[in-house]
Amino acid sequence: IYNRASADPQGKPWDKNRILIEWNGKKWVGNDIPDFNASAPEAGTGPFIMQPEGLGRLFAIDKMAEGPFPEHYEPFETPIGTNPLHPGVISNPAARIFEDDKNRLGSHTEFPYVGTTYRLTEHFHTWTKHARLNAIAQPEQFVEISETLGAAKGISSGDKVRVSSKRGFIRAVAVVTPRLQTLMVDGKPVETVGIPIHWGFEGAAQKGFITNTLTPGVGDANSQTPEFKAFLVNIEKA
């Protein structure tokens with residue numbers, strides 16, 4: 001948070017037990033350095049320094065492609081097939097997606113589980129699979145699933161599995177873990193398949209598959225960030 005917001009208009013901390021900055025009558029003091037122009041409180045400097053008026057905004061009038069107010073949309077590949085908040089508009093109508101990518105979107109009836117991608121502590125993108133120490137720490141591509149999903153599919157830790165989406169498939173080793181839990185979404189159980197991103201091509205680590213074989217070509221309406229954190233997959237023993 002912008003630290004001027006931690007003090008009231010007179011410069012006194014809202015919470016005396018967690019002081020970031022405060023006005024002592026002559027200057028701003030405390031556990032942080034002012035992130036504003038350090039004027040006295042009577043100058044009326046607002047805390048939200050990224051806006052010209054110094055105020056926070058609930059309505060981003062000219063900042064969002066689908067604005068002005070944030071809204072919940074399901075991913076283009078939704079595991080529940082609808083948007084509980086407004087069924088008439090399921091996914092973001094302002095998102096960027098090309099026609100060819102639309103034709104390769106899967107449905108929750110064919111691909112019933114949510115895939116999500118992430119990084120590991122031991123690797124950085126796909127680069128460190130070329131480094132021997134990193135390859136020793138995490139040598140082989142794996143995916144994580146819940147104990148509930150493992151039991152339902154007859155998959156144990158160490159089994160080879162095939163994870164597929166409408167766009168392709170990868171093979172990896174299964175890790176059955178309580179780190180992942182069954183989620184209840186709109187009254188329906190939803191399972192997640194966690195997929196680290198670091199393999200593909202050759203390196204010091206064992207050969208693996210390119211995780212983005214599975215992911216959809218959808219870009220966020222405002223940042224163009226790809227929709228790699230929620231898409232639909234299936235998983236079976238390989």
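Heavy atoms only, all atoms of each residue included: Ile80 and Lys188 are closest at O-NZ, 3.3 Å. Among all heavy-atom pairs drawn from Pro75 and Ser91, the shortest one is O-OG, 3.2 Å. Across all their heavy atoms, Asp8 and Trp14 have their closest contact at CA-CZ2, 3.3 Å.
Put simply, Phe111 and Ile235 are part of two different groups of oily side chains (I, L, V, M, F, W, Y) that touch within less than 4.5 Å, one to the next. Follow the hydrophobic side-chain contacts under 4.5 Å out from Val193 and you never reach Leu232; the two are in separate clusters. Using a 4.5 Å cut-off between side-chain heavy atoms of Ile, Leu, Val, Met, Phe, Trp and Tyr, with links allowed through other members, Tyr2 and Trp23 fall into the same hydrophobic cluster.
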Using the side chain to side chain contact (heavy atoms under 4.5 Å, CB included) rule, take Ile195 and Leu214 through it: C-alpha gap first, then chi angles, then the decisive distance, then the call. CA-CA 10 Å; Ile195 311 167; Leu214 302 173; 3.7 Å; yes
May I have the step-by-step check of side-chain hydrogen bond (donor to acceptor under 3.5 Å, both in side chains) for Ser164 and Asn234, ending in yes or no? CA-CA 5 Å; Ser164 58; Asn234 203 352; 5.3 Å; no
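For Glu74 and His72, the side-chain atoms include at least one donor-acceptor pair closer than 3.5 Å.
Note that CG of Asn103 and NZ of Lys166 are 9.5 Å apart. Values are rounded to the nearest 0.5 Å. The structure places NE2 of His125 at 8.5 Å from NE2 of His198, a figure rounded to the nearest 0.5 Å. Atom CD in Glu227 sits 8.5 Å away from atom CG in Asp220 (nearest 0.5 Å). Taking CG of Leu180 as the start and CD1 of Ile145 as the end, the distance is 8.5 Å to the nearest 0.5 Å. Distance check: Lys207 NZ to Arg171 CZ gives 14.0 Å after rounding to the nearest 0.5 Å. For the atom pair CD of Glu22 and NZ of Lys27, the computed distance is 12.0 Å after rounding to the nearest 0.5 Å.
A side-chain contact (heavy atoms from CB on, under 4.5 Å) with Glu77 is found for one member of Leu105, Thr215, Val114 and no other, namely Leu105.
Ring geometry for Phe59 versus Phe69: interplanar angle of 30 to 60°, hence tilted. The aromatic rings of His86 and Tyr73 sit perpendicular, their planes meeting at an angle over 60°, well past the 30° parallel limit.
In this structure, Asp32 contributes its side chain and Ile21 its backbone to no donor-acceptor pair below 3.5 Å. Distance alone, capped at 3.5 Å, is enough to place a donor-acceptor pair between the Thr211 side chain and the Pro196 backbone.
Of the charged side-chain nitrogens involved, none lies within less than 4.0 Å of a carboxylate oxygen, so that Glu122 and Lys129 do not count as a salt-bridged pair.
Residues meeting the side-chain hydrogen bond (donor to acceptor under 3.5 Å, both in side chains) test with Asn92, sequence neighbours left out: Glu66.
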